[in-house]
Amino acid sequence: VWLLLGGVVVAETVWIVTDFFRPRRNRRIDDGGGSVLIAGPVDRFEPGSVTAFPEGRFYLTRLADGGFLALHRECTHLGCTVPWISDEQRFVCPCHASSFDITGDVLSPPAPRPLDVFPVRIENDIVKVDTARPIKRDSFTGSQVVRS
């Protein structure tokens, strides 16, 4: 009986340690239509604005030229939620003070790369964001911006 109980303890310990080191899976938002979140009509978003979508875990930014980016709200350093500070016109991580511009590019480290993005598409003047999985990027390029 003691050997059996000892075996159970060893098995549970291995399971807990393995589960601890296994990478987390990305969560999907399932609003009945899959992982696509309808943000709203293009005209709803002013150029140079940032709109938070807590249910989708992203910010929809409309750049001054009218293009759209959906930025993941997790810092690329340690995954803290990064709020938009409108007075400073930048995202600032409360954990380690990384900051990002409106395109998600790093302004000050320790973040190693820009904020991740979600795919955006515009159909019939309606902005839609696919929140299934964030796209990692090394830098901001104009090709990441979606224009109507």
Side-chain angles (χ1 to χ4, degrees), residues 9-148:
V9 168
V10 168
E12 286 182 349
T13 303
V14 168
W15 178 71
I16 290 170
V17 170
T18 303
D19 192 51
F20 180 77
F21 287 109
R22 184 178 308 146
R24 295 182 190 177
R25 293 182 184 184
N26 290 330
R27 294 183 203 145
R28 288 182 173 238
I29 293 174
D30 190 5
D31 57 358
S35 59
V36 175
L37 191 137
I38 298 172
V42 170
D43 296 341
R44 175 180 167 205
F45 308 100
E46 294 293 323
S49 68
V50 175
T51 306
F53 285 86
E55 67 275 11
R57 299 183 0 245
F58 70 91
Y59 294 100
L60 185 65
T61 65
R62 186 158 192 200
L63 305 178
D65 67 359
F68 288 92
L69 280 172
L71 301 172
H72 198 308
R73 67 180 189 179
E74 290 183 6
C75 181
T76 54
H77 177 230
L78 292 177
C80 299
T81 299
V82 181
W84 172 251
I85 310 297
S86 58
D87 294 341
E88 300 177 18
Q89 290 291 297
R90 62 188 182 141
F91 297 95
V92 179
C93 181
C95 297
H96 298 103
S98 293
S99 65
F100 307 87
D101 66 12
I102 196 168
T103 65
D105 250 350
V106 177
L107 294 174
S108 62
R113 57 186 180 77
L115 295 173
D116 297 334
V117 294
F118 290 108
V120 176
R121 67 178 187 259
I122 299 173
E123 297 174 350
N124 298 322
D125 286 335
I126 302 293
V127 180
K128 298 179 180 183
V129 180
D130 184 353
T131 59
R133 185 175 35 246
I135 299 168
K136 294 182 180 182
R137 57 191 183 141
D138 294 322
S139 64
F140 169 73
T141 63
S143 64
Q144 297 165 353
V145 178
V146 175
R147 292 177 175 77
S148 57

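Atoms considered below: every heavy atom in the structure, side chains included; atoms not considered: hydrogens, waters and symmetry mates.
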_Over all atoms of both residues, closest heavy-atom pair of Val36 and Lys128_ = CG1-CB, 3.9 Å
*Do Leu69 and Val120 touch side chain to side chain, with heavy atoms closer than 4.5 Å?*
no
*Taking it one step at a time, do Phe58 and Leu37 satisfy side-chain contact (heavy atoms from CB on, under 4.5 Å)?*
CA-CA 11 Å; Phe58 70 91; Leu37 191 137; 4.0 Å; yes
*Measure across Pro114 and Val106 and return the closest heavy-atom pair with its distance rounded to 0.1 Å.*
N-CG2, 3.8 Å
*Measure the distance from the SG of Cys93 to the SG of Cys80 and say whether it is below 2.5 Å.*
no
_Just to verify, which of Phe91, Phe118, Trp84 counts as forming a ring-ring contact (aromatic ring centres under 6.0 Å, His included) with Tyr59?_
Phe91
*Would you call Asp116 and Lys136 a side-chain contact if the rule is heavy atoms closer than 4.5 Å?*
yes
_Can you give me the closest heavy-atom contact between Val129 and Ala70, atom names plus distance?_
CG1-CB, 3.7 Å
*Check: Phe45 main-chain N/O paired with Ser49 side-chain donor or acceptor under 3.5 Å*: no
*Supply the atom-to-atom distance Asp101 CG to Ser108 OG, rounded to the nearest 0.5 angstrom.*
11.0 Å
*Applying salt bridge (charged side-chain N to carboxylate O under 4.0 Å, His left out), run through Arg147 and Asp65 and close with a yes or a no.*
CA-CA 9 Å; Arg147 292 177 175 77; Asp65 67 359; 2.6 Å; yes
*asked:* Counting C-beta onward and ignoring hydrogens, is there a side-chain heavy-atom pair between Arg73 and Pro54 closer than 4.5 Å?
replied: yes
*asked:* Nearest 0.5 Å, please: how far is CD1 in Ile16 from CG in Asp19?
replied: 8.5 Å
*Hey, which of Thr61, Val50, Val82 is the one that makes side chain to side chain contact (heavy atoms under 4.5 Å, CB included) with Leu71?*
Thr61
_If I compare all heavy atoms of Asp130 with all of Ser35, which pair ends up nearest, and what's the gap?_
OD1-OG, 2.9 Å
*For the residue pair Arg121 and Glu123, what are the closest heavy atoms and their distance?*
NE-OE2, 2.8 Å
_Counting C-beta onward and ignoring hydrogens, is there a side-chain heavy-atom pair between Ile135 and Pro119 closer than 4.5 Å?_
yes
_How long is the straight-line distance from OG of Ser99 back to CD of Gln89, given to the nearest 0.5 Å?_
13.0 Å
*For a side chain to side chain contact (heavy atoms under 4.5 Å, CB included) with Phe100, tell me which candidate from Asp105, Thr76, Leu107 qualifies.*
Thr76
*Below 4.5 Å, heavy atoms only, C-beta onward: do Ile126 and Ile38 meet side chain to side chain?*
yes
*Spell out, as yes or no, whether a donor-acceptor pair under 3.5 Å connects the side chain of His72 to the backbone of Glu74.*
yes
*Taking the side chain as every heavy atom from C-beta outward, state whether Arg62 and Phe68 have any atom pair closer than 4.5 Å.*
yes
_Nearest heavy atoms of Gln144 and Ser139, plus distance in Å_ = NE2-O, 3.0 Å
